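Below is one structure, written out as structure tokens; comments come after it.
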2 protein chains.
Amino acid sequence: MENPFLRKLQKSNPLTDEDLRFIERCTGALRDVPGDQDIVTEGERPPTCLVLMEGLVGRYKQLRNGRRQILAFQVPGDFIDMHSFVLGRLDHSMTSITPCRMAPISHNAMQEIVNAHPRIALAFWREAMIEAAIFRDWVVNLGQRPAYERVAHAFCELACRLDAVGQLHDNSFRFPVTQEELGQAVGFTAVHVNRVLQRLRADGLVTHEGGRLTIHDRERLERAGDFEPSYLYLSGSDPDRGPQKGRQSEPQV
Amino acid sequence: MENPFLRKLQKSNPLTDEDLRFIERCTGALRDVPGDQDIVTEGERPPTCLVLMEGLVGRYKQLRNGRRQILAFQVPGDFIDMHSFVLGRLDHSMTSITPCRMAPISHNAMQEIVNAHPRIALAFWREAMIEAAIFRDWVVNLGQRPAYERVAHAFCELACRLDAVGQLHDNSFRFPVTQEELGQAVGFTAVHVNRVLQRLRADGLVTHEGGRLTIHDRERLERAGDFEPSYLYLSGSDPDRGPQKGRQSEPQV
DNA sequence: CGTTTGATTGACACGAGTCAACACCAGTGG
DNA sequence: CCACTGGTGTTGACTCGTGTCAATCAAACG
């Protein structure tokens, strides 16, 4: 399965082959977007949903005072615009950080899924709630952790999520963001991010160069970032889904 | 309609009377919880979903180093535990700040809604995505705003959400949290929150006493907090839902 | 080549944390 | 009825993490 979206969905949802084929039929022709270009902007009402197939996109909100917060980095397999169907209007913007390839899903198709394909609808719903769990974790990260730990934590999350879609190779992944952008994501100035990165590098945890992030000591990085990945709900091993839909009916103690 | 949950759902979702009655039939006997007690804790797999009918509850995550981040204050009408059905396991905890009354919805009922009541399922899904939008806004608040603006912003949001369920009277609402707790929500120490509250009071914006928060100048408070409520998707006036499900089919310019 | 963009460095300013003392109040028990 | 208690709010002095500003450097690029 080279489709990262289906691969991810399949891994933690009880979807039939027919479900997967149906989702495939729902997606329109792939759309390419050059790097560093807005995909949707705050307030817009995009006519279709979007799934990210390749590339890196950033969600962000622009403040009146000129500052900008990057809310999330989205990776291949992420259902990056479900909002337009469920909420209509977007409350934030998205921009392509690298050139991207996206698969559209029409609102009509989404509506049909809700009407007649409950397993798929629930899988999408689940994706949305995992997204919310990730935002919660960013709240914790921004609210409670000092710079060094915060950046470490952010890197751990990215690594995990990329690993889940097979985009982590030798603990290294493509991550062509400037220190300015990193700062806008973790809530620090570029200058301060620079100093933190230097410390992380000096400590032998990660290096960021040539548009790649390389993790040299995953375990120590996770300890430094106080990282605990259960909020990502990736564990294929541990069956997250509760006692519904007949996969198992005994809630485990 | 004294049921704040149905009232809120109805306001921004195209639900029929029959839908509403069905939701009512899905909810079990109301559950009362005394104040200051954990409702669910991280890692648990609650057997039913929960809707908050009365009281104030706080979501939080406890860190290893002893610090705690309050992720959200939940108010009557909030679907506080949808997670247990969609994700199974909880990734954070919830505690009652005041005595609370909650309505359970069984996972079986939820499953039936997904299977056979798409309008309701979509309405719930929408609630989940609004929750995520609120977390996004907290990310911005924690990442970009200094103390004074941050606290002001948090108060504005609470006021808006409480207003939507008729719990804001004369720009004042019940809010019996300590400065310590407020600090854990906005990412500051209690001491610093104290100084910020004094400034807000001195500036004639808000007072917090006797377990109530009173807003004396809503407009100036919103300006101070750089508050813009569109992310709450409350606007009954502006039809947020896009061109689906036949309510209207022309997207407005 | 110059130009531009991003990374790096240093000096200094400032917002927020820390620690400790004190005030205030509700409750409790003698 | 009053002493005592514990929790919360308040204040001040000091520390420290992060921001600001500005200069320099390196690499990419036209």
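Just so you know, these numbers come straight off a predicted model, no measurement behind them. Letters A, B, ... are given to chains in the order of the sequence lines, protein chains preceding strands, and every chain is numbered from 1.
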Stepwise, does the salt bridge (Lys or Arg N to Asp or Glu O under 4.0 Å) test hold for B:E228 with A:R64?
CA-CA 10 Å; B:E228 206 282 311; A:R64 292 214 192 81; 5.7 Å; no
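- A:P99 is not listed as a side-chain neighbour of A:P34, based on a closest heavy-atom distance of 4.5 Å or more.
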Would A:R7 and A:V165 count as a side chain to side chain contact (heavy atoms under 4.5 Å, CB included) here? Give the steps.
CA-CA 8 Å; A:R7 174 178 163 178; A:V165 287; 5.5 Å; no
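- Residue pairs satisfying the ring-ring contact (aromatic ring centres under 6.0 Å, His included) criterion with at least one member in residues 50-82 of chain A, sequence neighbours excluded, are listed as follows: A:F5-A:F79, A:F73-A:F175, A:F79-A:F124.
- Near DNA chain D, defined here as any heavy-atom distance below 4.0 Å, the residues from residues 181-206 of chain A are A:G187, A:F188, A:T189, A:V191, A:H192, A:R195, listed numerically.
- Nucleotides of DNA chain C lying under 4.0 Å from heavy atoms of chain A occupy a range whose first and last members, 5' to 3', are C:dG6 to C:dA11.
- Residues passing the side chain to side chain donor-acceptor pair (under 3.5 Å) test with B:N141 are B:R145, sequence neighbours excluded.
- Residues in residues 28-37 of chain B take part in these salt bridge (charged side-chain N to carboxylate O under 4.0 Å, His left out) pairs, two or more places apart or across chains: B:D32-B:R101.
- Across the helix from C:dC1-D:dG30 to C:dG30-D:dC1, the helix axis at one end is tilted relative to the axis at the other end by 30° (nearest 10 degrees, each axis from five pairs).
- A donor and an acceptor atom, one from each side chain of A:D163 and A:Q167, are nowhere located under 3.5 Å apart.
- Note on residues 174-189 of chain B: no pairs pass salt bridge (charged side-chain N to carboxylate O under 4.0 Å, His left out), not counting sequence neighbours.
- A:F227 meets the ring pair (Phe, Tyr, Trp, His ring centres under 6.0 Å) test with A:H153; sequence neighbours excluded.
- Of the residues in residues 138-153 of chain A, A:P146, A:A147 come within less than 4.0 Å of DNA chain D through at least one heavy atom, sorted by number.
- Checking A:T214 against A:S172 by side-chain atom types alone, a donor-acceptor pair falls below 3.5 Å.
- Panel note: side chain B:T95, backbone B:Q37; a donor-acceptor pair is recorded below 3.5 Å.
- Checking side-chain atoms of A:D81 against main-chain N and O of A:H83 turns up a donor-acceptor pair under 3.5 Å.
- Using a 4.0 Å cutoff to heavy atoms of chain A, the contacted part of DNA chain D runs 5' to 3' from D:dT18 to D:dC21.
- Applying the ring-ring contact (aromatic ring centres under 6.0 Å, His included) test to every pair with at least one member in residues 39-58 of chain A, sequence neighbours left out, gives no pairs at all.
- Within the structure, the salt bridge (charged side-chain N to carboxylate O under 4.0 Å, His left out) test picks out no pair touching residues 187-214 of chain B (sequence neighbours left out).
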Evaluate side-chain hydrogen bond (donor to acceptor under 3.5 Å, both in side chains) for A:R68 paired with A:Q62, printing each intermediate quantity in order.
CA-CA 5 Å; A:R68 183 171 94 140; A:Q62 189 75 44; 4.9 Å; no
